[in-house]
Amino acid sequence: MALSSASLFSAVTATYSVPHFHAPPLSSSSSSSSSSPSHFPIRPSTHVLVSHKWRARVSFFPSFLKKGKDAKIIKEELLEAIAPLDRGADATPQDQQTVDQIARKLEAVNPIKEPLKSNLLDGKWELIYTTSQSILQTKRPKLLRSVTNYQAINVDTLRAQNMESWPFFNQVTADLTPLSPRKVAVKFDTFKIGGIIPIKAPGRARGELEITYLDEELRVSRGDKGNLFVLKMVDPSYRVPV
């Protein structure tokens with residue numbers, strides 16, 4: 001989601017069938033006479049069938065649990081990879097490639113297939129990694145770069161907000177239009193310089209954002225210019241101004 005197709009942040013800075021169970025027939029013969037052996041067809045035990053069906057149902061859970069375990073491991077790998085990169089500002093092209101590969105592994109085990117219908121998306125998120133140079137403000141001296149960037153989204157109102165911290169505290173709000181269960185078009189409406197002075201956003205202040213991974217604590221998104229964003233939840237109760 002981007003201003004001039006960068007990302008939502010960019011506006012602030014640019015600003016299973018079950019196998020059949022067959023019980024084998026049992027036969028018995030008299031030990032003292034010449035009578036023919038009697039064969040008794042055996043019905044499958046109800047207990048056995050129920051038990052077998054239960055095992056079939058339960059077989060789903062190891063797969064589900066494995067997926068969750070995989071996501072946890074990949075998340076740890078991702079966080080470890082981005083930790084020394086100053087939110088991406090110090091990332092080399094090789095670093096960016098490595099982070100992108102890990103992010104794609106995490107996206108492949110995304111537990112929320114329709115994030116725009118999930119309240120896990122609601123709240124205030126802190127940006128912990130991005131490839132967007134305009135958000136990282138790498139052309140500025142470090143003292144003049146935003147220390148922290150936040151993005152808030154409320155699904156019920158389809159509103160979003162980007163916020164910078166020190167030293168400028170700039171903000172921008174936007175309306176969201178769903179394009180798919182996980183992708184939105186973004187139309188920015190109002191910038192706030194220093195978080196105080198409102199300025200109407202120009203008509204060209206538009207972009208798109210796709211939520212590619214979502215859980216209770218981490219979100220991965222991709223913008224329409226190919227930028228990658230990794231964010232952590234900081235305040236699920238936050239509301240974006242309407």
Side-chain angles (χ1 to χ4, degrees), residues 1-15 71 78 87-88 99-100 103-104 106-136 146 148-164 170-192 198-242:
M1 166 168 64
L3 175 58
S4 304
S5 25
S7 79
L8 182 56
F9 290 105
S10 300
V12 178
T13 60
T15 197
L78 179 61
R87 299 186 303 153
V99 172
D100 188 80
R104 291 185 185 280
L106 189 60
E107 291 165 339
V109 293
N110 181 20
I112 309 297
K113 302 305 180 184
E114 299 185 337
L116 292 177
K117 296 181 180 180
S118 173
N119 58 12
L120 292 181
L121 186 56
D122 285 324
K124 186 176 181 180
W125 299 82
E126 180 185 338
L127 181 70
I128 57 175
Y129 176 83
T130 184
T131 56
S132 172
Q133 298 305 302
S134 61
I135 291 173
L136 294 170
S146 175
T148 310
N149 290 72
Y150 300 97
Q151 182 179 82
I153 295 179
N154 290 150
V155 176
D156 57 345
T157 58
L158 290 174
R159 293 284 289 166
Q161 181 182 19
N162 286 341
M163 295 157 276
E164 290 182 347
N170 293 323
Q171 299 180 14
V172 62
T173 50
D175 286 322
L176 308 178
T177 302
L179 300 177
S180 77
R182 67 181 204 171
K183 187 175 184 178
V184 293
V186 184
K187 184 180 184 301
F188 299 102
D189 49 35
T190 305
F191 291 94
K192 279 192 176 181
I199 298 177
K200 185 177 180 180
R204 62 185 175 81
R206 297 170 180 266
E208 294 181 2
L209 186 71
E210 184 173 15
I211 294 90
T212 56
Y213 179 87
L214 177 67
D215 65 20
E216 297 88 347
E217 56 190 15
L218 197 74
R219 170 160 65 91
V220 177
S221 299
R222 292 182 183 272
D224 50 342
K225 268 195 162 181
N227 284 310
L228 174 65
F229 306 92
V230 181
L231 308 94
K232 68 177 182 180
M233 172 59 72
V234 294
D235 183 2
S237 66
Y238 185 88
R239 300 296 300 176
V240 177
V242 178

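This is a predicted model, so every value here is computed, not measured.
Across all their heavy atoms, Val184 and Pro178 have their closest contact at CG1-CA, 4.1 Å. Pairing each heavy atom of Val242 with each of Arg159, the nearest pair is CA-NE, 3.9 Å. Nearest heavy-atom pair, Leu116 versus Ser180, reported as atom, atom and distance to 0.1 Å: CD1-O, 3.1 Å.
Listed by chain and number, the residues in a side-chain contact (heavy atoms from CB on, under 4.5 Å) with Pro236 are Met233 (sequence neighbours excluded). For the side-chain contact (heavy atoms from CB on, under 4.5 Å) test, residues two or more places apart in sequence or in another chain that qualify with Val155 are Leu121, Asp122. Remark: Glu107 engages Thr212, Arg222 in a side chain to side chain donor-acceptor pair (under 3.5 Å) (not counting sequence neighbours). In this view, Arg87 and Leu136, Asn149 satisfy the side-chain contact (heavy atoms from CB on, under 4.5 Å) rule, not counting sequence neighbours. For Lys117, the side chain to side chain donor-acceptor pair (under 3.5 Å) partners are Glu114, not counting sequence neighbours. Residues meeting the salt bridge (Lys or Arg N to Asp or Glu O under 4.0 Å) test with Arg182, sequence neighbours left out: Glu210. Shown here are the side-chain contact (heavy atoms from CB on, under 4.5 Å) partners of Thr177, two or more places apart in sequence or in another chain: Ala185. Here Lys124 pairs with nothing under the salt bridge (Lys or Arg N to Asp or Glu O under 4.0 Å) rule; sequence neighbours left out. By the side chain to side chain donor-acceptor pair (under 3.5 Å) test, Tyr213 pairs with Asp215, sequence neighbours left out. Listed by chain and number, the residues in a salt bridge (Lys or Arg N to Asp or Glu O under 4.0 Å) with Asp235 amount to none (sequence neighbours excluded). Here Asn119 pairs with nothing under the side chain to side chain donor-acceptor pair (under 3.5 Å) rule; sequence neighbours left out.
In this structure, the side chains of Ile211 and Val220 stay at 4.5 Å or more apart for every pair of heavy atoms. Contact of the Arg239 side chain with the Thr157 side chain is registered, since non-hydrogen atoms from C-beta on lie closer than 4.5 Å. A heavy-atom distance below 4.5 Å is not found between the side chains of Leu120 and Pro115. No side-chain heavy atom of Gln161 sits less than 4.5 Å from a side-chain heavy atom of Tyr150. Under the 4.5 Å side-chain criterion, counting only non-hydrogen atoms from C-beta, Val172 is not in contact with Asp189. Side-chain contact check for Arg219 versus Ile153: some heavy-atom pair is nearer than 4.5 Å. Counting heavy atoms from C-beta on, the side chains of Tyr238 and Met163 come closer than 4.5 Å.
Rounding to the nearest 0.5 angstrom, the gap separating the NZ atom in Lys187 from the CG atom in Leu158 is 14.5 Å. With values rounded to the nearest 0.5 angstrom, Leu176 atom CG is found 8.5 Å from Leu209 atom CG. Here the straight-line distance linking atom CD of Glu217 with atom CH2 of Trp125 works out to 9.0 Å at 0.5 Å rounding.
Looking only at distances, a side-chain donor or acceptor of Thr131 sits under 3.5 Å from a matching main-chain atom of Leu228. Here the side chain of Thr190 pairs no donor or acceptor atom with the backbone of Ile199 at under 3.5 angstrom. A donor-acceptor pair under 3.5 Å links the side-chain atoms of Asn110 to the main chain of Ile112, judged by distance alone.
Residues Lys183 and Asp224 are not paired through a salt bridge, judged by the lack of any N-O separation under 4.0 Å between the basic side chain and the carboxylate. Here Arg206 does not pair with Asp175 in a salt bridge; the nearest charged N to carboxylate O distance is not below 4.0 Å.
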TODO: Just do the side chain to side chain contact (heavy atoms under 4.5 Å, CB included) check on Leu78 and Val99 with the steps written out, would you?
DONE: CA-CA 7 Å; Leu78 179 61; Val99 172; 3.8 Å; yes

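When only modelled atom types and interatomic distance are considered, Glu164 and Gln171 share no side-chain donor-acceptor pair under 3.5 Å. Side-chain contact annotation: Ser132 with Thr130, donor-acceptor N/O pair under 3.5 Å absent.
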